[in-house]
Amino acid sequence: MYPRIEDYALIGDEQTAALVGRDGSIDWLCLPRFDSGACFARLLGDEENGHWRLAPKGAEGPCTRRAYRPDTLVLDTEWDTPEGSVRVTDLMPQRDRAPDVVRIVEGLSGRVTVRSTLRLRFDYGSITPWVRKADGHRVAVAGPDSAWLRSEPPVRTWGEHFRTHAEFTVAEGEKVAFVLTWHPSHDPRPPLVDPFRALDHSVVDWRAWAARCRYTGPHRDAVVRSLITLKALTYAPTGGIVAAPTTSLPEDLGGVRNWDYRYCWLRDSTLTLGALLSAGYQEEAEAWRDWLLRAVAGNPADLQIMYGLAGERRLPEYELPWLSGFAGSAPVRIGNDAVKQLQLDVYGEVLDSLSLARRSGLSSQPHMWSLQCSLLDFLRRAWRQPDEGLWEVRGGRRHFVHSKVMVWVAADRMVRTLEENPALRGDLEGWRALRDEVHREVCDKGYDPERNTFTQSYGSRELDAALLLIPRVGFLPPDDPRVTGTIDAVRAELGKDGLLHRYSTDTDAADADAVDGLPGGEGTFLVCSFWLADALHLTGRTREARELFERLVGLANDVGLLAEEYRVDEATGAGRQLGNFPQAFSHIGLVSTALALFGDDRAG
């Protein structure tokens, strides 16, 4: 029986992250970075691909209850058994030299026997390390990887069938801590972390960070949880934010829509920056802006849609045949070939982000304006080309309307920046002419007057949820009949169970298969549903927007996390999350929509 994606919770140290199941098993962890090979890959295979379960002996099912400690990324998982109750506290403390996973077992009542089973499997579950004892620790080594397991106070461990076991009993008030530490095998063991002090410091540090949130409106807990999740998905050394800490969690159970999201997408840049700034996190916004500037530096013609954690450009895609995939959804992919695609909208997103950064008072960076000018100069020459569009479709290039709208955004933001900063130099008249030309073409070729809606691409009858961003970016005012018509059409044609698909994957539709280029379907896209709430609010339907927002917040799992998509089973009516998890774009949507709906009069 496979777990559900929403059965997992996240812990992390702002350089990598682990997923902990309701059964007390860590089933996914890449070390030492988000994009490194996994040492626990049960999430995408089976137990032999690596995991670490810590739970009462004989407890086969899920825990009794679990929760994050308020305003932290420290997870408490509790079991009630006939012998008593026990808690396992999981965290990854902010690292000094090496990543640590800390798991603290505490007796709450009675006397409970607890069992630890550790299967380390490096390189995405393909390599079984050699395990030995040293200084009272268990040491696992294979190639470049080394991991040390210790406990405080010491408990007996033994090896069996390439697993490391421990078994012990805790009474009320007694605690046993385990620490798993990774380091390169050619380096000496790093200094030992005190697990109990690490817990105390983590709680204090996370709560101090969460207290900086300026939002005080409804569902503040959900907003703070989303911000904590975005912080956890940040690669602290560079400021880059990964789209998700996982790869290949399926958008279609049993299908092939399985992608690696452990990289940083430019498409998220404006929304991320806006959410961080509006919520009061200027330091994080500035770090993200600086990552963005470093990543896009160079020839504007070489701009990519995504980069590695430090701005790496080569992210080759390949498959791991030894992993069966989540719930049998193969292939499991590493890397992402979408990095090679042309997506003209990213130029607009980058220039919009840098414009927002300037207006928000973030510190200026040398050569930022000249970089912006170079990007727009390239776009002036290239904007008439078809591209793969926002959703990275693999069915061939088209003239996607959203891409052209974002070209307009690029020109508009540069015009406005020059008008507001007369000391800067640029081709103001030429940029205005570009802005006007793009606007005319989109309204002429990307609009269907018979149905009163913009379309997914020029000449197509298909729709796209990204069209909901037209009023948000200022391309047309919210009260324009073409805007309200588009919102109504998107809601009617892409809506399901009150939520939105990003576009049609129905192969019976006129040209959906050619656009998508992939078999199978997918769930409703959560960030698109947040965009619908935003669009409803902008067009005066705030009551409907707030009702939709309430529903979306309710789709988060028991610890407040959202995946990329959501699907309701037609036979049972039960819903489940789909796609990589937790998904930064979904949590950015939650924060941004909360700020839009309630922030004006409820944020300090």
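As a basis for the values below, the full set of heavy atoms in this structure was taken, side chains included, without hydrogen atoms, waters or symmetry mates. Please read all numbers here as calculations on a predicted model, not as lab measurements. In what follows, residues are counted from 1 in the order of the sequence shown.
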* Asked: Can you list the steps and then say if Thr246 with Asn580 is a side chain to side chain donor-acceptor pair (under 3.5 Å)?
  -> CA-CA 6 Å; Thr246 57; Asn580 283 301; 2.8 Å; yes
* **Shortest non-hydrogen contact between Phe122 and Pro129, atoms and distance** => CE1-CB, 3.6 Å
* For residues Glu317 and Asp337, report the shortest heavy-atom separation together with the two atoms involved. => OE1-N, 2.7 Å
Would you kindly say whether [X] and [Y] are connected by a side-chain donor-acceptor distance under 3.5 Å?
X	Y	value
Trp265	Glu392	yes
Thr164	Arg138	no
Trp259	Asn336	no
Asp27	Ser25	yes
Trp148	His183	yes
Glu565	Gln577	no
Ser116	Trp52	yes
Asp80	Ser85	yes
Ser185	Asp145	no
Ser126	Asp123	yes

Flag the pair [X] and [Y] as a salt bridge only when some basic side-chain nitrogen lies within less than 4.0 angstrom of an acidic carboxylate oxygen.
X	Y	answer
Glu6	Arg576	no
Glu47	Arg163	no
Arg333	Asp260	no
Lys231	Asp205	no
Arg262	Asp35	no
Asp252	Arg567	yes
Asp135	Arg150	no
Arg212	Glu284	yes
Arg289	Glu283	no
Arg66	Asp76	no

Between atom [atom1] of [X] and atom [atom2] of [Y], what is the distance when rounded to the nearest 0.5 Å?
X	Y	atom1	atom2	result
Arg97	Thr181	CZ	OG1	11.5 Å
Asp71	Leu227	CG	CG	10.5 Å
Cys264	Ile305	SG	CD1	12.5 Å
Glu564	Glu522	CD	CD	7.5 Å
Thr229	His587	OG1	NE2	4.5 Å
Asn49	Leu44	CG	CG	8.5 Å

* To do: Sort out for me which residue in Thr81, Val114, Thr113, Thr169 forms a side chain to side chain contact (heavy atoms under 4.5 Å, CB included) with Lys57.
  => Thr113
[Y] side chain reached by [X] side chain, heavy atoms, under 4.5 Å:
X	Y	value
Arg197	Pro93	no
Val242	Tyr235	no
His51	Leu120	no

* Step through it carefully: locate the ring centre of Trp391, locate the ring centre of Phe525, and say whether they are under 6.0 Å apart. => yes
* Do the ring centers of Trp209 and Tyr281 come within less than 6.0 Å of each other? -> yes
* To do: Mind telling me whether Phe168 and Phe178 have parallel, tilted or perpendicular rings, with 30° and 60° as the class edges?
  => tilted
* side chain to side chain contact (heavy atoms under 4.5 Å, CB included) between Glu550 and His219, intermediate numbers included -> CA-CA 9 Å; Glu550 294 276 349; His219 296 290; 2.9 Å; yes
